[in-house]
Every structure is written in C-alpha cells, then in structure tokens.
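To keep things clear, I will list the structure first and then write my remarks on it.
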Amino acid sequence: MKKIQIFLAVCLLFLVDFVFASSKSLNLGGKDGWNNIEKMEGVATGKGRFGYPSIQLKKNSPEVSDFTDMLLHFEDSSMIDSTGNYRVSANDFIFTDDCAFGNGAALSRGTGRGMLLEGRKGTMFGSGGRIGSFSIEFWLAPSIAENGERFFSWRSSKASGDYPVYQTITATFFNNHIEWRFANVFEGYAKNNGEVLLAGTTTIIPDTWTRHCISYNEENGLLEYTVNGVTEALEYLTSTGHEGGDIFQMVLGVPAAVSLCPQFTGRVDDFRIEKKMSGEAALVSAPNSVKKDFEKYRLTGGKFITKPIYVMQGSVLNSIDAIMNVPEQTAVQLYIRGGDNYFGWTDSEPAWIPVEIGTIKTKISGSFFQFAAELLPDGGGTVSPSITQITLNYNEVSPPLPPFFVKAEPGDSSVKISWAYSTDETAGGYYIYYGRRPGEYLGRFAAEGPSPLNVGKANSVTLTGLENGSLYYFAIAAYSGYDERVTGPLSKEVFARPKRK
C-alpha cells in the first residue's frame, strides 16, 4: 500500500510540473543574428552554417609599436595608415573581407596606380639619410602572379658628387617568385653596379595567402628575404660579403612616395614597415616575443557574453542545443547563469555554470538567463571553432487566467470585493490591486495592507480604513500555484465609493 502511495505521489508531482509549466525555446544567433551580445573579446562574426552569421576567433593582426613606421590593416574601406605617419595620396584598392588576418584586406585589380603613400618627416621614406635596421612585412594572395607584376615600388635619387644617382627599391614577380631589387641604396656598395638582388625560391600559388618579409640589420649588414618565416635569400652587405668587415649602411636620398601594387592583381593584407630588424631575425634572440605574429589566431582564444535575456519568473533551463563547428584540437566551453534581478549582477555573481550540449544537470532558473562561450584554437593557432546558433530549452511557468467575475460593494469606510474563482487550475491564490485612479493601483491606505494585497485562496475580502466619499478602483490577478512570483493578467476593473450608513 505504501509503495502505491509513493508511486501516486511521484505521478502527481510530474503532472503538476507538466500542467504548470510549458516548454519554451530561445535561439541565440542563427537566422536572427547575434544582436543580443553584450561583450566580445578576441572573437568576431563570420559566416557559419547555412550562411548564417557565426561567432569565431578574431584573426590575429599586428599592432602599432614604438618602432612601427607604417601599418595598413585594411580593416575597412577607409584604408589609412594606422600610425598616421603616411598620407594616402591615391588609392585604387577595393575593400574585401577575404583576408589573411583581421576583418578585411585590399584588392588590387592591376589597373591605375595602386596605392600611393607619402611619408611625413622622420619616417623611413619621408626623410633622407641613413635608415638603420628595418623590416617590410605583408601578406599576399595574387590572382595571377604573372611575370613583371610589380607589388612594391619606390623611386628617388641622391646626390653623388656633381651628378644625381637614381635609387630604386622594387618587388616584382618572375617565374612565380618574388624578386627584390635595391639599386644604389647601400652606401659604398659597388658590386653589380650598386644593385642588390634577392630572389625567392618558393612558388607563389594564386589565391593562396603567403607571408613575406624583407629586412635589413644595420648591426651586421644582413639583408634577408623570408616567405612564411623561412629564409628564401640573404646577402651580407659588408666589405667581406659575409658577417664581419665594414658594413654598407642603407642611405636614402630625396623623400618620395611609396607605391603599393602599381602593377599587381590580387589581395594584400597587414602591410607594415618596422624600424627594427624583422620578426624572423628577432626569433633568434627573443622567440616568444614575436612568435604570436605567425599565429593566425591567438592561442589565448576569445570569448563573448550575451546580455541578460528575460524569460519568465520561475523558468528552469532543461537543455541546450547548438550548431557549432569544433575542429580537432580546438575547443568550445559554454557557460550560463540565471537569476531574477540582473541589475545587481556582477562579473562573478551569480556564478557562471559550465554546461555541455544536451540535458542540463545543474538547476539553473530565474527570470533572466545569460549565456557565455569561450573559444580556443588548435595548438598552432591556425584553426578556429565557430558557433552558428545556440538554443536554450526551458520550462516556463504559465501565468494563470484572472477571475471573470469581480464585484465591489461599498460599506462604511470599507469596500467588500468578491470574485469568482479563476477557471485556470494552475491558480494558487489572488492579489487585490487598488488605488484612487483608474488603472493606477498604488493604494497604501487599507488597514489590511498596501496594494497589491495577497489574500491567498479566498474569493472575497473586505478592505477597511478607507475614506468615506472617496472613489476607489479595484482589480484582481491570480498567481501561479507553482511559483507565486508568476502573476497573471488583471481582471476587469471595478469601483466603489465608501459612505457612512
């Protein structure tokens, strides 16, 4: 007999939950986008499943430092030098989101002048004289890579005795490789009529991003060209032709504009000039300080947090569904928290609960849910996970229907309010709302208590201590027997004017 009673009790509890709560779903992302995000760190929107926007790791991009002479991120159509050192005097580039890093790149169509940049005084190409150590780094994805296509060009002259000597620095495609030519820029270098040629060996594949760097170290005279961090060619600009001996320093003449992609078809991203030795050379002495420049995504990953999202008082999270792409070695950690009054929330309170896709084992409830996710790349920083949509499945306590019949009868300094019980079986009790203006139930003058007054399961109550001759307005609302914080809509409004008998 006792086992039967326990079984019936369990069944009754199940039925109560079933009747009092309804299943709801809340989609984050998907076709509606990620409009409710409050904070993003190290992540950006991209293209996910079904063409919907997704959240993924933000691509790594170089930052301006004390040594940065020029930095073109190409993050938007403005295409300006982030350092402010160079003025763009002409620009035929087109913005594209098909980039190596960040959110955008520049597309050159091989027509016009490409981009012309004029440096202010004190910059590498805006001043004459000795240059010192430098590096020119960029990402390139050519469309054709035809012979003669010129990616970089600088032309000027300097005085040598009574005659001018022309100086050039160019980067040109030849047999699917890039050749760098420096003519008359290294003071005292007379070999090959003053011209230095560094030819790459890596075949440049069309529509494939490669990282290029040409650098010069004034401390040992090393001029080096690398592709994807691997040395392609080098030459010591010294009297001995190798390390040691007198160093031929780089000296530029009349300031002149830098021309990017004057004859080039393809994309370029994150073009920068540094007044120091290149990242590759620096790896020898400080490998950890520049290694991040080779990572497509920062190994620290990124995260995002949504705004607190209102659901309904007493809502309980059941499960989470997701449309995600989590490649091998990458990871996504999901978090959620809930509560009733988010105005008092901090970064850590209420506590974030780590959750997995599927059924939620820890009870998370409240009037508001807040979602967060942490994304981590693979060990090499080359692959990012992405989240296209998150679906929160929860039980919502349905508000009960109000009484259909309400009556107010005036008395001496009192009003008796009576009503028919709500036809909604989920009603657990009633609130009486009252006040002196229609629809404004701000009363605090009844002896029984201020509005709204919880009267439990009664269906009639007399309010006393009211002022004779004043008009009072009343309405009744039922609250849920599952959670009395969940209140249904108000009944029709009734009124009464107390009087002395």
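In this chain, numbering begins with 1 at the start of the sequence shown.
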Exercise. Keeping the roles fixed (side chain from Asn395, backbone from Ser315), state whether a donor-acceptor pair exists under 3.5 Å.
Key: no

Exercise. Over all heavy atoms of both residues, which pair between Thr330 and Val383 is shortest? Give the atoms and the distance, please.
Key: CG2-O, 3.6 Å

Self-check item: Donor-acceptor pair, side chain of Thr388 and main chain of Arg49, under 3.5 angstrom
Solution: yes

Quiz item: Is it true that a side-chain atom of Thr226 and a backbone atom of Gly229 form a donor plus acceptor pair closer than 3.5 Å?
Solution: no

Quiz item: Using the ring of each side chain (for Trp, its six-membered ring), is Phe495 parallel, tilted or perpendicular to Tyr473, with breaks at 30° and 60°?
Solution: tilted

Quiz item: Should Asn393 and Ser319 be marked as a side chain to side chain donor-acceptor pair (under 3.5 Å) after you check the CA-CA gap, both sets of side-chain angles, and the distance that decides it?
Solution: CA-CA 5 Å; Asn393 303 307; Ser319 63; 3.0 Å; yes

Self-check item: Ring centers of Phe125, Tyr86 separated by less than 6.0 Å
Solution: no

Exercise. For Trp34 and Ile55, run side-chain contact (heavy atoms from CB on, under 4.5 Å): C-alpha distance rounded to whole Å, both residues' side-chain angles, the deciding distance at 0.1 Å, then the answer.
Key: CA-CA 8 Å; Trp34 295 90; Ile55 302 294; 3.7 Å; yes

Exercise. Could you go through the side-chain contact (heavy atoms from CB on, under 4.5 Å) check for Asn36 and Ile309 one step at a time?
Key: CA-CA 8 Å; Asn36 51 10; Ile309 303 168; 3.6 Å; yes

Quiz item: Just by distance, do the side chain of Trp352 and the backbone of Asp347 share a donor-acceptor pair under 3.5 Å?
Solution: yes

Quiz item: When rounded to the nearest 0.5 angstrom, what distance separates OG in Ser215 from CD in Glu137?
Solution: 8.0 Å

Self-check item: Non-hydrogen atoms of Ile364 and Gly338 that approach each other most closely
Solution: CG2-N, 3.7 Å

Quiz prompt | Donor-acceptor contact below 3.5 Å, side chain Asn91 vs main chain Met115 | solution = no

Quiz item: Under 3.5 Å, is there a donor-acceptor pair between the side chain of Trp419 and the main chain of Phe404?
Solution: no

Quiz item: Taking the six-membered ring for Trp, are Tyr342 and Phe368 parallel (under 30°), tilted (30 to 60°) or perpendicular (over 60°)?
Solution: perpendicular

Exercise. Just do the side-chain contact (heavy atoms from CB on, under 4.5 Å) check on Asp269 and Trp209 with the steps written out, would you?
Key: CA-CA 9 Å; Asp269 198 6; Trp209 285 106; 3.8 Å; yes

Quiz item: Between Glu448 and Thr464, do the side chains contain an N or O donor and an N or O acceptor separated by less than 3.5 Å?
Solution: yes

Quiz item: Under 3.5 Å, is there a donor-acceptor pair between the side chain of Thr96 and the main chain of Leu107?
Solution: no

Quiz item: Passes side-chain contact (heavy atoms from CB on, under 4.5 Å), Glu493 versus Tyr441? Steps please.
Solution: CA-CA 10 Å; Glu493 184 178 76; Tyr441 308 115; 2.4 Å; yes

Quiz item: Distance-only, no hydrogens or angles: does the Arg272 side chain make a donor-acceptor pair with backbone N or O of Thr68 under 3.5 Å?
Solution: no

Exercise. Kindly assign one of parallel, tilted or perpendicular to the pair Phe369 and Tyr394, based on the angle between their ring planes and the thresholds 30° and 60°.
Key: perpendicular

Self-check item: Shortest non-hydrogen contact from Val461 toward Val455
Solution: CG2-CG1, 3.5 Å

Exercise. Applying ring pair (Phe, Tyr, Trp, His ring centres under 6.0 Å) between Tyr472 and each of Tyr434, Phe445, Tyr433, report the one that passes.
Key: Phe445

Self-check item: Shortest non-hydrogen contact from Pro142 toward Thr208
Solution: CD-O, 4.3 Å

Self-check item: Arg211/Asp270 salt bridge by N-O under 4.0 Å criterion
Solution: no

Quiz item: Any donor-acceptor pair under 3.5 Å linking the side chain of Ser127 with the backbone of Lys121?
Solution: no

Quiz item: Side chains of Tyr430 and Asn454: is there a donor and an acceptor less than 3.5 Å apart?
Solution: no

Practice problem: Would you confirm whether Arg444, through its side chain, and Pro450, through its main-chain N or O, come within 3.5 Å as a donor-acceptor pair? | Solution: no

Self-check item: Least distance between heavy atoms, Ala331 atom then Pro385 atom
Solution: O-CG, 3.6 Å

Quiz prompt | Shortest non-hydrogen separation from Pro403 to Ile476 and the atoms involved | solution = CG-CG2, 3.7 Å

